[in-house]
Amino acid sequence: MGSCVIIEHSSAPGAAAAVAAAAPRLEVRDLGMTFVNNRVLRDVSLEVRAGEIHGLIGQNGSGKSTLAKVLTGLYTPDAGTRVSVDGVDLRLPVQPQESRQRGVAVVHQNLGLLDNETVLENMRIGRLRGSRFLRRINWDQERSAAGAVFERLGRSVQLDAKVGSLHEEERATVAIARALQDAHPGTGLIIFDESTRALGRRSLEHFFKILDEIVATGTAVLMITHRLEEIVDAADRVTVLRDGRVVESGREVAGMSEADLTALMLGRNLRDLDRRGVAEIATDAVPVRATGVTGLAVRDLSLQVFPGEVLGLTGLAGSGYDDVPYLLSGVTAAEAGTLRVTEGITVELPGLNPAKAIAAGIALVPEGREHAGLAMTMSVGENIGFPQTCRAPRQLRPIAIAPERELVTDLLYSLDVRPPNPKALVSSFSGGNQQKVLLAKWIATEPTLFLLHEPTQAVDVGARHTLVAAIRKAATDGCAVIVAGSDENELALLCDRILVFSEGVVREELTEDLTPDRIVAAIYANGSRSRLRQRNQTNVQDDEKEAIV
Ligand SMILES: Nc1ncnc2c1ncn2[C@@H]1O[C@H](COP(=O)(O)OP(=O)(O)OP(=O)(O)O)[C@@H](O)[C@H]1O
């Protein structure tokens, strides 16, 4: 006897046709944006349809975040700009309340979280409701509403934890959950500006599963990302910005490869991106050696890395690989462990702090440049000068020891920072250029041990190329380099050797054939990379339904 299986549709038949006939969910016409004399967006037109994931890509500095900020009212666009939602023109500059009422939610690149408030408060801010008579907030209800969103995302985050104490991936999860909780079926537009950059593979897969459910109801998504895999796997159409202009508008993604998208973005092919430099590892020199490191999730770790070598650390979220840079640099106190930096310089990790680490020749490029890596309201030169201040004798510390201007300018040119102006405020740079400034800041200290956590996060493929080359050059110049990362492509480009962590210990060491697929297989213990989203899933279900019923 055959069983009858009915696969439920997430949208009613005919809904797609109705949606297609309707006005675009978001329509932008002739958008221009000028900062003083700098015109960063010109004649930008864009249409996002209901029920689609629309990718927006472009090199660092091409204007993607500026566009998102115009759409949410942070910036006032030039005269002549038109923005409409569901066919209704918005007043310009966009009034945040009006755009929110029309269902536009955004997760900005800096995530927009309040570090001193709890996860629950961040989630429910602006949405808290008092009871009808007593006007008291029902915190039990608020907790369960917030908890339900995290459950959907497949993540558990402590609702009472202060957001400032969270890891970058948890912070991103909170910001994404906050936007998703407002998605009403069939309406609205959610803009994600590089919001997935800190998500590990598993979280990413969950995230796209939820997006799939959301867009199937008719809600639209505008996805700004540098991870071209996300566009190829998940986006329905893509718009490409180059130097503030649209060079490709709403192109269907089906059939396109990452290389096709790269060529559209840069206007050229990046043929030699995958070629790794020849490692010049000084195996006859004294290696950096960490012994018995215990702290956070890490248990009794010992490792060594030679000058000239780039050692990668990876694993699943919570496996401890990403705790290592912070334990070895004194940012987080270790419970036990010793670190020999070089002949005659050995530090006990429990007593180490960042100032002592810098003095011992240890540099850390942390994840989360906006809240952990750079002073956004200070100039590039001042940021690069900070570590030099720590190296100065205590009595001189109040006077910032400015690094030589030529050194700063040379670094900015060698990393292709635009503009290469030491006096410019860090906050005025695009995300990718900020990441380069962060790297420059620590390269300038000429460290013996260079620790980096997700050093090419949220940068375009061209900038990634530059950053990878600079990190490898630091190794060639004699640094021992340790990179903790979750991006298999980054690790494959950078590393000579990779340690894969599980439950706080090293489970596998990869020494050759360091391809992205091999790295992912090791992280997931012989699992494989699946596509982030099966596009046209609804059509497949249509066919199945006819066949099965
Ligand atoms: N507040 C500001 N004042 C002056 N210039 C700015 C400001 N914000 C952005 N810019 C400039 O606008 C240009 C576009 O920056 P934007 O951040 O939009 O780029 P992006 O495409 O989002 O880059 P990324 O991918 O690196 O985040 C850059 O040249 C940047 O320096």
Side-chain angles (χ1 to χ4, degrees), residues 28 31-44 46 55-78 81 93 106-112 172 175 191-198 222-228 230-231 238-248 261-262 264-267 367-371 373-374 376-380 383 412 415-440 454-467 487:
V28 174
L31 186 148
M33 177 70 215
T34 307
F35 292 108
V36 195
N37 291 324
N38 185 10
R39 197 152 185 218
V40 294
L41 289 172
R42 58 182 73 212
D43 307 325
V44 170
L46 168 77
L56 179 65
I57 60 173
Q59 272 190 281
N60 294 127
S62 56
K64 305 176 298 296
S65 297
T66 303
L67 176 59
K69 287 175 184 166
V70 168
L71 294 178
T72 48
L74 280 167
Y75 294 151
T76 304
D78 297 344
T81 301
V106 65
V107 183
H108 285 295
Q109 195 170 137
N110 65 7
L111 303 180
I191 303 172
F192 294 101
D193 185 359
E194 283 298 341
S195 323
T196 56
R197 69 183 204 200
L222 180 64
M223 167 82 60
I224 300 174
T225 182
H226 285 297
R227 285 182 171 173
L228 298 182
E230 291 180 5
I231 302 293
V238 65
T239 292
V240 185
L241 282 180
R242 200 186 305 148
D243 296 329
R245 291 176 188 273
V246 172
V247 291
E248 197 68 50
L261 292 170
T262 303
L264 282 179
M265 258 170 58
L266 306 187
E367 188 186 30
R369 57 184 170 249
E370 299 92 346
H371 83 280
L374 293 166
M376 302 300 279
T377 52
M378 298 180 90
S379 73
V380 169
N383 269 275
L412 298 184
L415 284 163
D416 191 25
V417 176
R418 294 179 206 181
N421 175 7
K423 288 191 174 158
L425 288 187
V426 170
S427 58
S428 71
F429 282 79
S430 73
N433 283 299
Q434 288 171 3
Q435 191 65 26
K436 290 178 181 177
V437 171
L438 178 59
L439 190 68
E454 305 285 6
T456 70
Q457 198 171 68
V459 302
D460 70 58
V461 284
R464 169 180 281 196
H465 204 195
T466 309
L467 290 166
D487 183 330

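For this chain, numbers begin at 1 and follow the sequence in order. Just so you know, ligand 1 is whichever comes first in the structure, and atom 1 is the first atom listed for that ligand.
A salt bridge does not link R197 with D487: none of the charged nitrogens is closer than 4.0 Å to a carboxylate oxygen. Under 4.0 Å is where a charged nitrogen must lie from a carboxylate oxygen, and between R245 and D243 no such pair does.
Of the N or O atoms in N433, none lie within a sub-3.5 Å distance of an N or O in ligand 1. When only interatomic distances are considered, the shortest N/O to N/O separation between F429 and ligand 1 does not fall below 3.5 Å. Here's the thing with S428: one of its N/O atoms is less than 3.5 angstrom from an N/O atom of ligand 1. In terms of N/O distances under 3.5 Å, ligand 1 is not approached by N38. Checking only distances, V40 never comes within under 3.5 Å of ligand 1, N or O to N or O. In terms of polar-atom proximity, G431 is counted as a contact of ligand 1, with an N or O under 3.5 Å from an N or O of the ligand.
A heavy-atom separation below 4.0 Å is not found between Q435 and ligand 1. Residue contacts with ligand 1: G58 is excluded, as none of its non-hydrogen atoms falls under 4.0 Å.
Comparing heavy-atom distances from atom 18 (O) of ligand 1 across L241, T34, T66 singles out T66 as nearest. Within the set G63, A68, S65, S62, the minimum heavy-atom distance to atom 22 (O) of ligand 1 is found for S65. Nearest-heavy-atom check against atom 17 (O) of ligand 1 across S430, G61, G432, S427 picks out S430.
Looking at residues two or more places apart in sequence or on another chain, you find a salt bridge (charged side-chain N to carboxylate O under 4.0 Å, His left out) between D78 and R39. Residues satisfying the salt bridge (charged side-chain N to carboxylate O under 4.0 Å, His left out) test with R42, not counting sequence neighbours, are none.
Considering T456, N60, T196 in turn, N60 is the only one that fulfils the side chain to side chain donor-acceptor pair (under 3.5 Å) rule with H226. Just one residue in the list I224, V107, V106 forms a side-chain contact (heavy atoms from CB on, under 4.5 Å) with S195, and that residue is V107. Tested against L46 for a side-chain contact (heavy atoms from CB on, under 4.5 Å), the candidates V246, L67, L241 yield a single pass: L67.
If you number the atoms of ligand 1 from 1 as listed, the ones under 4.0 Å from a heavy atom of Q59 come out as 21 (O). Within ligand 1, the atoms closer than 4.0 Å to a non-hydrogen atom of Y75 are 1 (N), 8 (N), numbered from 1 in the order shown.
Heavy atoms of H226 found under 4.0 angstrom from ligand 1 belong exclusively to the side chain.
Using a distance-only test at 3.5 Å, with no hydrogens or angles considered, no donor-acceptor pair links the side chain of T239 to the main chain of L56.
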Taking it one step at a time, do V247 and L264 satisfy side chain to side chain contact (heavy atoms under 4.5 Å, CB included)? CA-CA 8 Å; V247 291; L264 282 179; 5.7 Å; no

